Protein chains: 2
Amino acid sequence: MGEFKSLEKRLKNKGYKLTAPRRFLLGLLENNPGKSYSAQEIFDLLKGKGVDFSTIYRNLEMMAKEGILSAVQRENGTSSYELCLNHHHHHLICTDCGATRCINVCPMDLIDKSIWEGFTPKKHRFEIMGLCPECSKKNT
Amino acid sequence: MGEFKSLEKRLKNKGYKLTAPRRFLLGLLENNPGKSYSAQEIFDLLKGKGVDFSTIYRNLEMMAKEGILSAVQRENGTSSYELCLNHHHHHLICTDCGATRCINVCPMDLIDKSIWEGFTPKKHRFEIMGLCPECSKKNT
DNA sequence: AATATAAATGCAAGTATTTGCAATTACAAA
DNA sequence: TTTGTAATTGCAAATACTTGCATTTATATT
């Protein structure tokens with residue numbers, strides 16, 4: 001709740017308007033911490049609110065760019081998004097049920113700086129696909 | 001050349017037919033080691049050979065699954081592919097000119113095993129986006 | 001509270017990706 | 001070599017993703 005309010009504030013501080021679609025979107029993510037959704041999934045969940053797909057799509061991209069959401073690439077290449085309340089982190093992604101779990105290790109902190117050889121790193125992507133504890137048991 | 005022959009053999013050994021589109025595809029990648037191409041780029045380069053886009057698309061996916069090609073996700077989400085002659089590796093990707101360079105460090109070797117907590121890792125993705133040495137200079 | 005105005009939305013069109021299927025082709029077996 | 005058969009292809013249709021633009025809406029200003 002407090003967190004939710006502050007997310008709306010963050011949007012406004014960055015100069016964005018606080019519209020109904022954006023409230024729905026943040027509300028959904030806020031009420032499901034740790035879950036990540038694709039644009040299509042959010043569209044389905046918000047059916048009845050009359051929000052257009054493209055609006056969801058554009059807002060997810062915008063919020064990811066602004067650092068309000070973090071984007072996770074699923075195995076099939078589609079992007080999913082979740083609230084990014086904390087600091088920089090990566091994800092374990094269950095290929096069976098889709099659950100994600102944050103991990104705090106970042107390979108950029110671990111690798112040897114000598115590999116760059118003139119390359120200037122800006123961003124990176126690191127995701128681990130596999131089976132979550134529950135699905136690991138199921139699939140034995 | 002020798003390598004090329006063996007790639008065709010690997011396809012046959014796995015039970016795939018050696019068709020004209022597949023020869024074109026492997027030939028192109030073989031002649032441009034270290035370069036990675038999207039399906040669309042290969043389609044454009046093979047214009048005149050009369051190969052359908054969907055054929056290229058499906059073969060790239062197939063060869064990636066078979067470990068003949070390695071798939072690299074570009075920043076915008078589209079997949080590009082390159083010959084995967086060596087062992088497991090990751091990439092530096094220039095966001096300006098698109099060049100890729102292989103690196104041999106793998107985060108999976110570096111991270112602490114205690115993070116799994118019941119999760120069973122199967123695959124992972126690790127890519128570093130930034131500017132290659134040339135583009136680093138250009139953009140100063 | 002009314003108004004001006006720039007941002008955001010919904011719609012529809014555009015592009016890109018993926019799939020189903022009938023026709024074709026590689027290749028194993030005769 | 002010819003033939004049979006399943007894999008593969010090209011085409012076209014179906015999805016999925018992205019964008020342009022006229023209309024609407026949030027909000028700063030009066």
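Just the heavy atoms: all of them, side chains too, but no hydrogens, waters or symmetry mates, feed the values below. In this text the structure is predicted, and so the values were computed from the model without any measurement. Chain A is the first sequence line, chain B the second, and so forth, proteins listed ahead of strands; every chain is numbered from 1.
Here the C1' atom of nucleotide C:dT9 and the CD atom of A:Glu61 are 16 Å apart, to the nearest Å. Between the CZ atom of A:Phe43 and the C1' atom of C:dG10 there is a distance of 11 Å, given to the nearest Å. The distance from atom CD of B:Glu66 to atom P of D:dT8 is 10 Å, rounded to the nearest whole Å. Atom-to-atom, CZ of B:Arg23 to P of C:dA26 comes out at 9 Å; the value is rounded to the nearest Å. Spacing between atom OH of A:Tyr81 and atom C1' of D:dC17 amounts to 11 Å, rounded to whole angstrom units. Regarding B:Leu60, its CG atom lies at a distance of 12 Å from the P atom of C:dT17, rounded to whole Å. Straight-line distance from the CD1 atom of A:Ile42 to the P atom of C:dT9: 13 Å, rounded to whole Å. Taking atom CG of residue B:Leu25 and atom P of nucleotide D:dT8, one finds them 14 Å apart after rounding to whole Å.
With distances taken from any side-chain atom of A:Arg22 to the nucleotides D:dT9, C:dC11, C:dT9, the minimum falls on C:dT9. The side chain of A:Lys17 sits closest to C:dA7 out of C:dG20, D:dT19, C:dA7. When the nucleotides D:dT18, C:dA8, D:dT27 are ranked by their closest atom to the side chain of A:Tyr16, C:dA8 comes out on top. Among the nucleotides C:dT17, D:dT9, C:dT9, the one closest to the side chain of B:Thr19 is D:dT9. Listed candidates were C:dA8, D:dC21, D:dT9. Nearest to the side chain of A:Arg58 is D:dC21.
Note on ring orientation: taking the six-membered ring where Trp is involved, the planes of B:His89 and B:His91 are perpendicular (angle over 60°, cut-offs 30° and 60°). Aromatic ring pairs are classed by plane angle as parallel below 30°, tilted from 30° to 60° and perpendicular above 60°; the pair B:His124 and B:His88 is perpendicular.
One finds no side-chain N or O of B:Asn76 lying less than 4.0 angstrom from the OP1 or OP2 phosphate oxygen of D:dT18. Within the 4.0 Å cut-off from OP1 or OP2 of D:dC17, not a single side-chain nitrogen or oxygen of A:Tyr57 is found. Between B:Lys12 and the phosphate of C:dC27, there is a side-chain N or O to OP1/OP2 separation shorter than 4.0 Å.
Judged by closest nucleotide on DNA chain C, A:Asp52 is the one of A:Asp52 and B:Gln40 placed further toward the 5' end.
Counting heavy atoms from C-beta on, the side chains of A:Lys122 and B:Leu131 come closer than 4.5 Å. A heavy-atom distance below 4.5 Å is found between the side chains of B:Ile56 and B:Val51.
Between B:Glu41 and B:Arg74 there is a salt bridge, since a side-chain N of the basic residue sits under 4.0 Å from a carboxylate O of the acidic one.
Contacts of B:Gly50 with the nucleic acid, taken as non-hydrogen atoms under 4.0 Å apart, involve only primed sugar atoms and P, OP1 or OP2.
The base of C:dC11 lies close enough to the side chain of A:Ser54 for a donor and an acceptor atom to sit less than 3.5 Å apart.
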